[in-house]
J.: 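I have a structure I would like to understand better, so I am pasting it below and will then ask my questions one at a time.
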Amino acid sequence: MSFASAARSLVRRAGTSVPAAKVPVRNMSSGHSIEEEIAHMDTWRQVTYVVVPACCAFFAYTMTQSHHHDTGEKPKYSWMRMRNKAYPWGPCGLFEMKGCPEAEG
Amino acid sequence: MRQLHPFHLVDPSPWPFFSAFGAFCLVTGLTMFIHRFNGGFFFLCFGFFLVLYGMAVWWRDVIREGTFQGHHTRAVQSGLRWGILLFIASEVMFFFAFFWAFFHASLAPTVEIGAVWPPKGLEVLNPWQIPLLNTVILLSSGASVTWTHHAILAGYRWQAVVSLVLTVVLAVVFTALQGVEYVDAPFTLSDGVYGSTFFMATGFHGFHVLVGSCFLIVCLFRLRSGQFTKRHHVGFEAAAWYWHFVDVVWLFLFISIYWWGGV
């Protein structure tokens, strides 16, 4: 028995009235009140409203940039394009959709 | 029957055995396929189907137990949260191994690759184009999924649905851009230790994005059908935590592999 409950028991025995326990505020599973949750929701909605248009703008900008790689003759180092045995699906790598030197022979 | 404890004593289920058999078929089929055995591809597809089916029916049962039968008490929810956190911790260890391989190769490059990083003669991806765009997209999806979480907690279901749809759209755009980047990459998995570490780390991250996207899509359907309440939405919390984990892994990938390891 805790000290608080022991004291309450003594008070009850003495015939005096025990003050009713304060009704706790009903919190959400996060521990916040509903008003706090609504405030958090509004904050994150506004953050999303800012970052998603920024994403779209950056997407448009990136798509306008050139993605060309250096197509000049490259030296063939021994560690490049290692093919010790064929892949089960064919001569090219999994993402080499445009073909590969091994397929051309 | 009166129950004097808050725990869920699960009924006997065929799905653990079924899923284990599916995983066995999947790995055996993959090994057979890679080594070009007859029937390897069929066995691989069969195992993949079994694993997918096992996942669907097992989690369907968990949803029934938690949402409709009331077995997920506060104590059970706490246990589930611990399980999710431990699972994510194990995923952190998984990615730690790939980062270790990358830093092992890049901090002291061997003479075979020119003693430099990136390896001599290798053209790498520009981190300030699609990789940076993907970073912004994933961070934005983290913001929108947090909006979903607070909307569920506040009981605003419509806002929760809209923000979750937005999160899924951002996830799909990320995956599509990653696919474009892979097809367009000037190096392959077989281009030495750079290609191996790059595709291993970013590929497994992409796989996790796919899994996280499926997880969020399942949550979207459950949200639409009113299965999440202000006080009980562990499934969504798991998806959101997983999504934030995927987000953080990408930040480390972008900073270390694309940026530091690419310039």
Side-chain angles (χ1 to χ4, degrees), chain A residues 26-59 61-63 65-72 74-89 92-98 100 102, chain B residues 33-36 40-41 77 112-114 119-123 126 128-130 132-133 136-137 139-141 143-144 146-156 159-160 163 166 170 173 177 179-180 182-195 199 229-234 237:
Chain A
R26 186 182 167 89
N27 286 331
M28 301 300 107
S29 63
S30 62
H32 296 129
S33 68
I34 189 80
E35 291 78 17
E36 287 172 322
E37 285 307 341
I38 292 171
H40 284 142
M41 182 186 74
D42 288 338
T43 303
W44 284 102
R45 189 181 63 218
Q46 284 158 10
V47 169
T48 308
Y49 284 169
V50 171
V51 294
V52 169
C55 266
C56 295
F58 191 44
F59 181 88
Y61 170 76
T62 307
M63 290 302 118
Q65 300 296 302
S66 68
H67 297 281
H68 294 298
H69 301 294
D70 180 20
T71 51
K74 292 177 201 164
K76 286 193 175 179
Y77 294 102
S78 60
W79 52 268
M80 282 182 163
R81 300 203 68 81
M82 290 168 79
R83 294 284 198 278
N84 296 325
K85 60 180 179 180
Y87 293 119
W89 53 80
C92 296
L94 204 55
F95 299 103
E96 289 182 309
M97 307 291 182
K98 299 166 189 165
C100 61
E102 289 77 10
Chain B
F33 176 63
I34 288 172
H35 290 283
R36 301 178 141 208
F41 186 67
Q77 287 182 44
E112 287 84 355
I113 57 170
K120 191 169 173 56
L122 191 89
E123 188 191 348
N126 182 356
W128 307 118
Q129 291 186 339
I130 289 180
L132 180 62
L133 174 61
V136 176
I137 287 172
L139 288 176
S140 304
S141 72
S144 61
T146 308
W147 174 17
T148 313
H149 196 181
H150 287 295
I152 292 172
L153 287 166
Y156 285 60
Q159 285 201 34
S163 53
L166 195 59
L170 289 169
V173 172
L177 284 173
V180 168
Y182 273 17
V183 172
D184 203 35
F187 54 89
T188 69
L189 183 70
S190 61
D191 277 326
V193 71
Y194 187 92
F199 279 104
T229 66
K230 293 174 189 173
R231 288 175 164 271
H232 186 188
H233 48 268
V234 179
E237 279 181 339

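So you know, we letter chains A, B, ... as the sequences are listed, proteins then strands, and number each from 1. Quick caveat: nothing in here was measured; it's all calculated off a predicted structure.
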J.: Using a 4.5 angstrom heavy-atom cutoff, name the option from B:His35, B:His150, B:Arg36, B:Gln159 with the most pairs to chain A.
T.: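 Answer, by heavy-atom pair count under 4.5 Å with chain A: B:His150.
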J.: With a 4.5 angstrom heavy-atom cut-off, which part of A:Tyr77 approaches chain B: side chain, backbone, both or neither?
T.: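 Contact with chain B is through the side chain of A:Tyr77 alone.
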J.: Top residue by heavy-atom pair count (under 4.5 Å) with chain B, among A:Met97, A:His40, A:Arg45?
T.: A:Arg45
J.: So A:Val51 and B:Val136, do their side chains get closer than 4.5 Å, heavy atoms only?
T.: no
J.: Residues two or more places apart in sequence or in another chain: which of them pass side-chain contact (heavy atoms from CB on, under 4.5 Å) with A:Trp89?
T.: A:Tyr87, A:Leu94, B:Phe33
J.: Could I get the full list of disulfide bond (SG atoms under 2.5 Å apart) partners for A:Cys92, not counting sequence neighbours?
T.: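 Per chain and number, A:Cys92 pairs via disulfide bond (SG atoms under 2.5 Å apart) with A:Cys100.
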J.: Given the options B:Ser140, B:Gly179, B:Gly114, which has more heavy-atom pairs under 4.5 Å with chain A than any of the others?
T.: B:Ser140
J.: Output the option from B:Leu166, B:Thr229, B:Asp191 having the highest count of non-hydrogen pairs under 4.5 Å with chain A.
T.: B:Asp191
J.: For the candidates B:Leu139, B:Ile152, B:Leu122, which exhibits the highest count of non-hydrogen atom pairs separated by less than 4.5 Å from chain A?
T.: B:Leu122
J.: Just wondering, do B:Thr188 and A:Phe95 contact through their side chains at under 4.5 Å, heavy atoms?
T.: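 They are not in contact (no side-chain heavy atoms under 4.5 Å apart), so the answer is no.
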J.: Using a cut-off of under 4.5 Å for heavy-atom pairs, which of A:Met82, A:Glu35, A:Met41 has the most such pairs with chain B?
T.: A:Met41
J.: Could you tell me the separation between the CD atom of B:Glu112 and the NZ atom of B:Lys120, rounded to the nearest 0.5 Å?
T.: 15.0 Å
J.: For B:Gln77, is it the side chain, the backbone, both or neither that has a heavy atom under 4.5 Å from a heavy atom of chain A?
T.: neither
J.: I'd like to know if the side chain of A:Asp42 and the backbone of A:Ala39 have a donor-acceptor N/O pair within less than 3.5 Å.
T.: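 No, the answer is negative, given that no donor and acceptor are paired below the 3.5 Å cut-off.
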